[in-house]
Structures are given as structure tokens and as C-alpha cells.
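A quick write-up on the structure given underneath.
Heavy-atom basis, side chains included; hydrogens, waters and symmetry copies ignored. Below, chain A is the first sequence line, B the second, and so on; all start at residue 1.
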2 protein chains.
Amino acid sequence: MDREAEIFQSLADSTRLRLLHLLVRRGEICVCELTDALGLPQYNVSRHLRVLQHAGWLSDRKQGKWVYYRIKPELPLYQRTLLAAIAELEKHRHDLKEDAARARQRLKLRRGGLCCVGLVSKIGAATTSKSRNLKPRKVGNTR
Amino acid sequence: MDREAEIFQSLADSTRLRLLHLLVRRGEICVCELTDALGLPQYNVSRHLRVLQHAGWLSDRKQGKWVYYRIKPELPLYQRTLLAAIAELEKHRHDLKEDAARARQRLKLRRGGLCCVGLVSKIGAATTSKSRNLKPRKVGNTR
DNA sequence: AATATATATGCATAATAGCGCATGTGAGCA
DNA sequence: TGCTCACATGCGCTATTATGCATATATATT
């Protein structure tokens with residue numbers, strides 16, 4: 001598969017569209033926030049992020065235990081056009097609005113720019129629960 | 001796979017990007033013309049066209065033995081934005097320019113709006129050769 | 001040093017996609 | 001009526017992909 005087909009391939013998955021959509025809307029978001037916003041297992045989110053990054057969409061930044069992802073700045077025009085199409089998708093898909101709402105709530109919990117400092121007792125967020133890789137309980141309805 | 005992921009999936013293939021690109025540029029084109037422009041076996045082109053049509057990109061029109069495909073008019077905004085991205089791709093991919101050049105030559109041969117009237121002896125076009133489904137000999141260089 | 005948390009990944013499996021080949025279908029023409 | 005041509009499709013094969021589970025890695029924290 002050539003380069004451009006790979007880029008389109010990276011968009012050919014509902015989870016990845018949801019991730020990109022959130023990153024387009026909200027800027028830099030860490031994995032645990034994305035995991036909570038989407039209500040999917042962490043390993044799942046992590047792997048889809050890797051696909052998106054490999055396709056050239058994302059850059060990441062490690063800070064402490066967390067990894068923040070964002071849309072790579074300076075994308076070629078056709079990729080920015082594709083992102084515009086994804087943003088436009090929100091008008092067709094209610095689930096993207098729900099993702100955005102959950103993300104908004106989750107991002108409120110940041111303290112000093114950090115994504116989840118001492119959240120365990122506060123909200124019982126999925127990724128900070130005791131059991132590892134437990135499918136997080138749904139924050140809202142997930143389609 | 002939901003609707004939008006299916007639409008992106010339909011773009012995640014090099015052959016389909018080439019087909020869409022030609023249809024965006026040239027309007028209505030019949031299968032044999034597309035087959036010659038791409039230099040691929042007819043059954044291959046036919047199947048990819050079906051995928052694109054199923055994803056909602058194309059409408060077709062039968063005329064005699066031929067089937068003409070074109071981009072469906074009145075696509076939702078985000079799909080038109082996607083087509084804009086595909087058109088923009090030409091600046092990154094030389095092969096799309098080559099497709100366009102071969103298509104231009106092939107479309108010149110139309111007579112009275114028909115795609116290939118009595119072309120057999122004239123150009124020995126791939127799809128009009130004696131043997132069925134023989135891989136067409138290359139019209140130009142095909143990557 | 002031991003433990004807990006955030007993230008990534010190896011492995012097995014099931015689902016899917018593309019391709020080549022042969023053949024079916026339907027229209028036009030001799 | 002039979003043949004040819006344009007197009008479509010069923011079948012078998014192979015390659016790729018998504019997912020769940022378990023676990024590795026790395027960075028705090030105690």
C-alpha cells in the first residue's frame with residue numbers, strides 16, 4: 001500500500017475517526033483522557049493512536065507518566081483538508097458529539113495542565129482503577 | 001463498520017483513489033476507458049467501481065454495451081471535502097498525472113459521445129482485444 | 001527497594017480485503 | 001440464432017487487520 005492509501009486506511013476505522021475528531025477539537029489530550037472519553041480499553045486506544053501516528057497524523061509529548069497526543073502541526077494541505085472533512089462529520093454523527101461532551105468533562109479535571117493528578121479517589125476514572133485493563137464502565141451511552 | 005468508516009475504507013486503496021481522481025477530473029467515464037487509463041484488468045476495475053458505488057460515491061448510466069460512471073451529484077459536504085483532498089493529491093503523486101494523461105488520450109477517441117465505437121482496429125485497446133480478461137498491455141508506463 | 005500507575009506490545013484468533021481465474025449476463029450485431 | 005463485446009461476479013487463496021488477554025516498560029510514589 002502506498003503512502004496516501006495508508007493515510008486513508010488510517011481513517012477507515014470508527015475508533016480512529018473518533019480519536020482524530022477529539023484531537024482536532026480539543027488539541028493536546030493524553031491517553032487516559034482519550035480512553036475515558038471513548039469508553040474503550042486502554043490497549044485499544046493505545047494501538048489506534050499508534051496507527052494514526054504511523055500514518056503521520058500525530059505527534060506526542062511525554063510528561064511524567066503521561067503521554068499527550070496532538071495533531072501534528074504543518075500537515076500537507078490535503079491532510080488538513082481531510083481533517084476538515086472529519087470535523088464536518090460531527091454534523092452527521094451524534095456519537096462524535098457525545099465523545100466531545102465526555103472529553104469536555106474529563107478535561108475539566110486537569111490541574112495545573114496535568115491530565116489526571118490524584119484522580120483515583122476523585123472520579124474513579126477507568127484508567128486509574130485498581131484492576132488493569134478492565135473494560136472501563138461507560139461514562140455515557142456509547143452508541 | 002459504520003457508514004462513515006466505510007466511506008473512508010473505500011478510499012483506502014490506491015486503485016480506488018486513481019479511479020475517483022479520474023472521475024473527479026473528467027466527469028463521466030465508461031469502464032473500458034477507465035480500464036485502459038489505469039492499465040489494470042477489467043474485472044479489477046469493475047470490482048473497485050462497485051466498492052466505490054456501494055460507498056455512495058458514484059452513479060452509473062448504461063448505454064448500449066457500455067456503463068458510464070460518474071461522481072454522484074449532491075454529495076454531503078464532508079464527502080465533497082474529501083473529493084477536494086483527493087484532487088489535491090495530484091500535487092503529490094506523479095502517477096495520478098500519468099493516469100490523467102492516459103485518460104485524456106483515451107477520451108479523445110470518443111465519437112458522438114460514445115466511448116469506443118469501432119475501436120478494435122484503430123487502437124487495439126485493451127478491453128477490445130480478442131482474448132478475454134487478458135492483462136492489458138501497458139499503454140504508457142504504469143509505475 | 002518495593003509498589004502502583006500510565007502506556008505500549010507480543011501473541012493467538014477471527015474477520016475482512018484484494019487478487020487472479022474462470023465464468024455468467026446482457027446488449028448488439030452478423 | 002449464434003457470436004462478439006462490455007461488464008459483473010462466484011470461488012479459492014493469501015495477506016492484512018482488529019481485538020482480547022496477558023504482560024512488558026517506564027515513571028512516579030512510598
Side-chain angles (χ1 to χ4, degrees), chain A residues 1 5-6 8-17 19 29-36 40-55 60-69 114-121 124-136, chain B residues 1-2 5-6 8-17 19 29-36 40-55 58 60-69 114-121 124-136:
Chain A
M1 188 157 53
E6 181 193 356
F8 281 102
Q9 174 67 35
S10 73
L11 304 180
D13 178 277
S14 172
T15 301
R16 292 197 290 270
L17 285 180
L19 288 169
I29 316 183
C30 88
V31 179
C32 64
E33 290 166 334
L34 289 167
T35 299
D36 284 346
L40 291 175
Q42 174 270 324
Y43 58 78
N44 216 322
V45 171
S46 190
R47 260 200 283 245
H48 282 298
L49 285 170
R50 200 162 80 85
V51 172
L52 287 173
Q53 193 170 35
H54 189 263
D60 62 0
R61 175 176 69 88
K62 292 185 211 312
Q63 172 154 2
K65 291 184 290 188
W66 302 288
V67 179
Y68 293 81
Y69 285 90
L114 294 176
C115 68
C116 35
V117 182
L119 281 182
V120 185
S121 55
T127 52
T128 55
S129 66
K130 291 292 186 294
S131 51
R132 292 159 52 112
N133 285 335
L134 205 56
K135 187 169 250 172
Chain B
M1 187 156 52
D2 55 36
E6 181 192 356
F8 282 101
Q9 174 69 38
S10 74
L11 305 180
D13 178 278
S14 174
T15 301
R16 291 196 290 268
L17 285 180
L19 287 169
I29 316 183
C30 89
V31 179
C32 64
E33 290 166 334
L34 290 167
T35 299
D36 284 345
L40 291 175
Q42 174 268 324
Y43 58 78
N44 217 322
V45 171
S46 190
R47 261 200 282 244
H48 282 298
L49 285 170
R50 200 162 78 85
V51 172
L52 288 172
Q53 193 170 35
H54 189 263
L58 307 180
D60 63 358
R61 176 175 68 89
K62 293 184 210 311
Q63 172 153 2
K65 291 184 290 188
W66 301 289
V67 179
Y68 293 83
Y69 284 90
L114 293 176
C115 68
C116 35
V117 182
L119 282 182
V120 185
S121 54
T127 51
T128 55
S129 66
K130 292 294 186 294
S131 50
R132 290 162 52 114
N133 286 334
L134 205 55
K135 186 170 251 174

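A/Glu33 places its CD atom 12 Å from the C1' atom of C/dA6, with the value rounded to the nearest Å. Atom pair A/Arg61:CZ and C/dT7:C1' shows a separation of 15 Å (rounding to whole Å applied). Protein atom CZ of B/Arg50 is 11 Å distant from nucleotide atom C1' of D/dG10, rounded to whole Å. Note: CD (B/Gln53) to P (D/dC7) measures 14 Å, nearest angstrom. C/dA6 atom C1' lies 16 Å from atom CD1 of A/Ile29, rounded to whole Å. Atoms CG (B/Leu58) and P (D/dC7) sit 14 Å apart, rounded to a whole Å. Atom CG of B/Asp60 is separated from atom C1' of D/dA6 by 14 Å (rounded to the nearest Å). A/Lys62 has its NZ atom 11 Å from the C1' atom of D/dT25, to the nearest Å.
The CZ atom of A/Arg50 lies 12.0 Å from the CG atom of A/Asp60; values are rounded to the nearest 0.5 Å. The line from CD1 of B/Ile29 to CG of B/Leu58 is 10.5 Å long, rounded to the nearest 0.5 Å. Here A/Cys115 contributes atom SG and A/Lys65 contributes atom NZ; the two are 9.0 Å apart, rounded to the nearest 0.5 Å. Remark: A/Tyr69 OH to A/Ser46 OG distance equals 5.5 Å, nearest 0.5 Å. In this structure, NE2 on B/His48 lies 4.0 Å from OG1 on B/Thr15, to the nearest 0.5 angstrom. With rounding to the nearest 0.5 angstrom, the OG1 atom of A/Thr35 is 8.0 Å from the CG atom of A/Leu40.
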Which letter, B, S or -, goes with each nucleotide of nucleotides 14-19 of chain D from 5' to 3', with contact meaning a protein heavy atom under 4.0 Å? ---SSB
Can you give me the N/O atom pairs linking the protein to nucleotides 27-30 of chain D at distances under 3.5 Å, or say none if there are none?
none

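Of the listed nucleotides (D/dA8, C/dT9, C/dG20), C/dT9 has the atom at the smallest distance from the side chain of A/Ser46.
Crowding of A/Arg61 atom CZ: a count of heavy atoms from other residues, nucleotides or ligands under 6.0 Å exceeding 12.
Looking at B/Leu34 and B/Tyr68, their side chains never come closer than 4.5 Å, going by heavy atoms from C-beta outward. Taking the side chain as every heavy atom from C-beta outward, A/Glu33 and A/Trp66 never approach each other to under 4.5 Å.
Across all strands shown, A/Tyr68 has no heavy atoms under 4.0 Å from either base or sugar-phosphate atoms.
Looking at B/Gln42, its side chain has no donor and acceptor atom pair within 3.5 Å of the base of D/dA6.
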